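In this chain, numbering begins with 1 at the start of the sequence shown. Since the model is a prediction, treat every value here as computed from it, not as a measurement.
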Amino acid sequence: MWLKMLAARFVGTFLLLGAVGDFRDVEPVTPREDPGAWREPAPGVGLRELGDATGLRIGWAVVPRELRRDAAYRQRVADGHVIVAENAMKWQVIQPAPDRWRFEPGDDLVRFAIAHGQAVRGHTLVWHGGLPTWLREPEEEWTPEALRAVLETYVTTVVGRWRGHIEAWDVVNEAVAGLFRDPLRTTLWRETLGDGYIAETFRLAHAADPGAKLFYNDFRIEAPNRKADRVEALLRGLLADGVPVHGLGLQAHMHFELPDEEALVANLERFAALGLELHLTEIDVAIPGEITVEQRIRQAIAMRRLTRACLRVPACTTMVFWGVDDGRSWVPRFFTGWKAPLLYDSRMERKLSWYGVADALREGRPDRRLPESVLLD
Ligand code: G3I
């Protein structure tokens, strides 16, 4: 009920602003995008239950230390099907020195998932970020032989460590360039090992855990654009060469625009046509400047559109939010003036964006509606 009252207030302001043309890119808002039309889930029904009913999995990027110390955080994280380490399974954390391995934070996460019947995404094996200094700035330049040996040891050790416990690995992260003429990003890996490092890493990961689904993961490929074309070309090439790639992760960090649902669907469909499973892997919708009522509506509509787009494409099985609450998000630390991109506020209360996701879930997939028992009028 309160949701309706709150939304009615929002929508009044919203329409007013729309009338003066101050909120152009949210127009045209469909009647179903009016928060006043969204239905609240029944008491006690969370995203996990709504996701179960509609056949779409919800996940969270998690910080193991926060899981240990914050009961409210634990409770929110438990309301999901999938968890992923925001940082705890990055190279920097796992192998801070050539002869030092640190698995405890990752182990904590895997234990939490087992205790709560959740799946784990592994993030990430090969990336230009999150690397330890010894790897990034070696005393002597890496030779291909030496770097290949380091890569092989790392992938075999890490994937082997959690063999059977990680459902899907982001094997290679952000290897494609969006802006430059050269379609692949220049990184330590590419410069030293050549373009073949991508296929090599997938093969190593597959050998270490043949049961894990192996994903390529990247950002700003949610809408059809040049970078998405390049990712498609890369994936086609890998698949044609028989490389074990099973899925594509579309990060969905939305900092600049309100996504167009039809464009999202068209883009997801073209990747699904490759036979890949699709996960939205790092969802957040950052707010610039002041957090106004209009911005919160816009954010909630963006979250709702992302959820609806995923629901409309059967290959899109999983939506992972890049953090639980605004207070712990990476966004304000990295982008001055941008903030509050998640589903819970810093007091761990549900935001309008939470209700946007819930409403899309309760609408269901086109062929699968939710039982009335999980809904509240
Ligand atoms: O853990 C140390 C802590 O001990 C130290 O006191 C503190 C001082 O700055 O740094 C802490 O590490 C930071 C870590 O986040 C945990 O807060 C790192 O400096 C910082 O670089 C790291 O940032 C992460 C970033 O990836 C780089 O790895 C963000 O939290 C994380 O949200 C972000 O996630 C990436 C995905 O992996 C890939 N896609 C893009 C996404 C956003 O950049």
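- Not one N or O on the side chain of Arg48 forms a donor-acceptor pair closer than 3.5 Å with the backbone of Asp79.
- Screening residues 306-316 for salt bridge (Lys or Arg N to Asp or Glu O under 4.0 Å) gives Glu261-Arg308, Glu261-Arg312, Glu262-Arg312, Arg308-Glu363 as the qualifying pairs, with residues at least two apart or on separate chains.
- Taking all atoms of both residues into account, the shortest heavy-atom contact from Val110 to Val120 is CA-CG2, 4.4 Å.
- A distance-only check finds no donor-acceptor pair linking the side chain of Ser346 to the backbone of Asp326 [under 3.5 Å].
- A donor-acceptor contact under 3.5 angstrom links the side chains of Asn217 and Glu282, judged on distance only.
- With hydrogens and angles left out, the side-chain atoms of Trp91 and Tyr154 include no donor and acceptor closer than 3.5 Å.
- Ring geometry for His255 versus Trp330: interplanar angle of 30 to 60°, hence tilted.
- Between His123 and Trp322, the ring center distance clears the sub-6.0 Å criterion.
- Counting only distance, with no hydrogens or angles, the side chain of Asp209 and the backbone of Gly160 share no donor-acceptor pair below 3.5 Å.
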Exercise. Determine, step by step, whether Gln95 and Arg102 satisfy the side chain to side chain contact (heavy atoms under 4.5 Å, CB included) criterion, reporting the C-alpha distance in whole Å, the side-chain angles of both residues, the deciding distance to 0.1 Å, and the verdict.
Key: CA-CA 6 Å; Gln95 196 184 10; Arg102 192 163 163 255; over 6 Å; no
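- Cluster membership check: Met89 shares its hydrophobic cluster with Val63, using side-chain heavy-atom separations under 4.5 Å among Ile, Leu, Val, Met, Phe, Trp and Tyr.
- Looking only at distances, no side-chain donor or acceptor of Asn173 sits under 3.5 Å from a matching main-chain atom of Leu125.
- Trp127 and Trp169 have their aromatic ring centers separated by at least 6.0 angstrom.
- Residues Ile283 and Met319 come closest through the heavy atom pair CD1-CE, 3.5 Å.
- For the atom pair NZ of Lys213 and CZ of Arg121, the computed distance is 10.0 Å after rounding to the nearest 0.5 Å.
- In this structure, the side chain of Gln299 engages the main chain of Val285 through a donor-acceptor pair within 3.5 Å.
- Judged purely by atom type and a 3.5 angstrom limit, Arg350 has no side-chain atom pairing as donor or acceptor with the backbone of Tyr344.
- Between Asp107 and Arg161 there is a salt bridge, with a side-chain nitrogen of the basic residue lying less than 4.0 Å from a carboxylate oxygen of the acidic one.
- No donor-acceptor distance shorter than 3.5 angstrom exists from the side chain of Trp142 to the backbone of Trp189, with no hydrogens or angles considered.
- The aromatic ring centroids of His116 and Phe112 lie less than 6.0 Å from each other.
- The distance from atom CG of Leu258 to atom CG of Leu306, rounded to the nearest 0.5 Å, is 9.0 Å.
- Residues Ala300 and Trp38 come closest through the heavy atom pair CB-CH2, 3.7 Å.
- A donor and an acceptor atom, one from each side chain of Glu222 and Gln251, are nowhere located under 3.5 Å apart.
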Do any side-chain atoms of residues 228-236 form donor-acceptor pairs under 3.5 angstrom with protein atoms, and if so which ones, sequence neighbours left out?
from, atom 1, to, atom 2, distance (Å)
Asp229, OD1, Arg270, NH1, 3.0
Asp229, OD1, Arg270, NH2, 3.0
Arg230, NH1, Ala177, O, 2.8
Arg230, NH1, Phe180, O, 2.7
Arg230, NH2, Phe180, O, 2.7
Arg230, NH2, Arg181, O, 3.2
Glu232, OE1, Arg270, NH1, 2.5
Glu232, OE2, Arg236, NE, 3.1
Glu232, OE2, Arg236, NH2, 2.9

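- Under the 3.5 Å distance criterion, the side-chain polar atoms of Thr192 are left unmatched by any main-chain donor or acceptor of Pro144.
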Self-check item: Derivation of the side chain to side chain contact (heavy atoms under 4.5 Å, CB included) call for Val313 and Glu269
Solution: CA-CA 6 Å; Val313 179; Glu269 276 172 348; 4.0 Å; yes
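- Pairs of residues two or more places apart, or lying in two chains, that qualify as ring pair (Phe, Tyr, Trp, His ring centres under 6.0 Å) and include a residue from residues 282-321 are Trp60-Phe321.
- Taken to the nearest 0.5 Å, the CZ atom of Arg65 stands 5.5 Å off from the CZ atom of Arg69.
- Taking hydrophobic clusters as Ile, Leu, Val, Met, Phe, Trp and Tyr residues chained together by side-chain heavy-atom distances below 4.5 Å, Val93 does not share a cluster with Leu67.
- Scanning all heavy atoms of the two residues, the minimum distance from Leu131 to Arg136 falls at O-NH1, 3.0 Å.
- Screening residues 328-344 for salt bridge (Lys or Arg N to Asp or Glu O under 4.0 Å), with sequence neighbours left out, gives Glu66-Arg328, Asp70-Arg328, Asp325-Arg328.
- A distance of 9.0 Å separates CD1 of Ile291 from CD of Gln295, quoted to the nearest 0.5 Å.
- For the residue pair Asp195 and Tyr197, no side-chain donor N or O sits within less than 3.5 Å of a side-chain acceptor on the partner.
- A donor-acceptor contact shorter than 3.5 Å is absent between the side chain of Glu174 and the backbone of Phe219.
- Of all heavy-atom pairs spanning Ala61 and Val320, the tightest one is N-CG1, 4.0 Å.
- Rounding to the nearest 0.5 Å places CG of Leu248 at 8.5 Å from CG of Asp218.
- Between the side chain of Ser353 and the backbone N or O of Leu342, at least one donor-acceptor pair lies under 3.5 Å.
- The two residues Gly249 and Ile221 come nearest to each other via the heavy atoms O-CD1, 4.0 Å.
- Annotation: ring pair (Phe, Tyr, Trp, His ring centres under 6.0 Å) contacts of Phe215 (sequence neighbours excluded): His279.
- Heavy atoms of other residues, nucleotides or ligands lying less than 6.0 angstrom from CD of Glu349 number more than 12.
- Distance check: Thr318 OG1 to Glu167 CD gives 6.5 Å after rounding to the nearest 0.5 Å.
- In the hydrophobic clustering of this structure, Ile287 does not group with Ile301; members are Ile, Leu, Val, Met, Phe, Trp, Tyr whose side-chain heavy atoms approach within less than 4.5 Å, directly or through other members.
- For residues 88-101, there are no salt bridge (Lys or Arg N to Asp or Glu O under 4.0 Å) pairs, not counting sequence neighbours.
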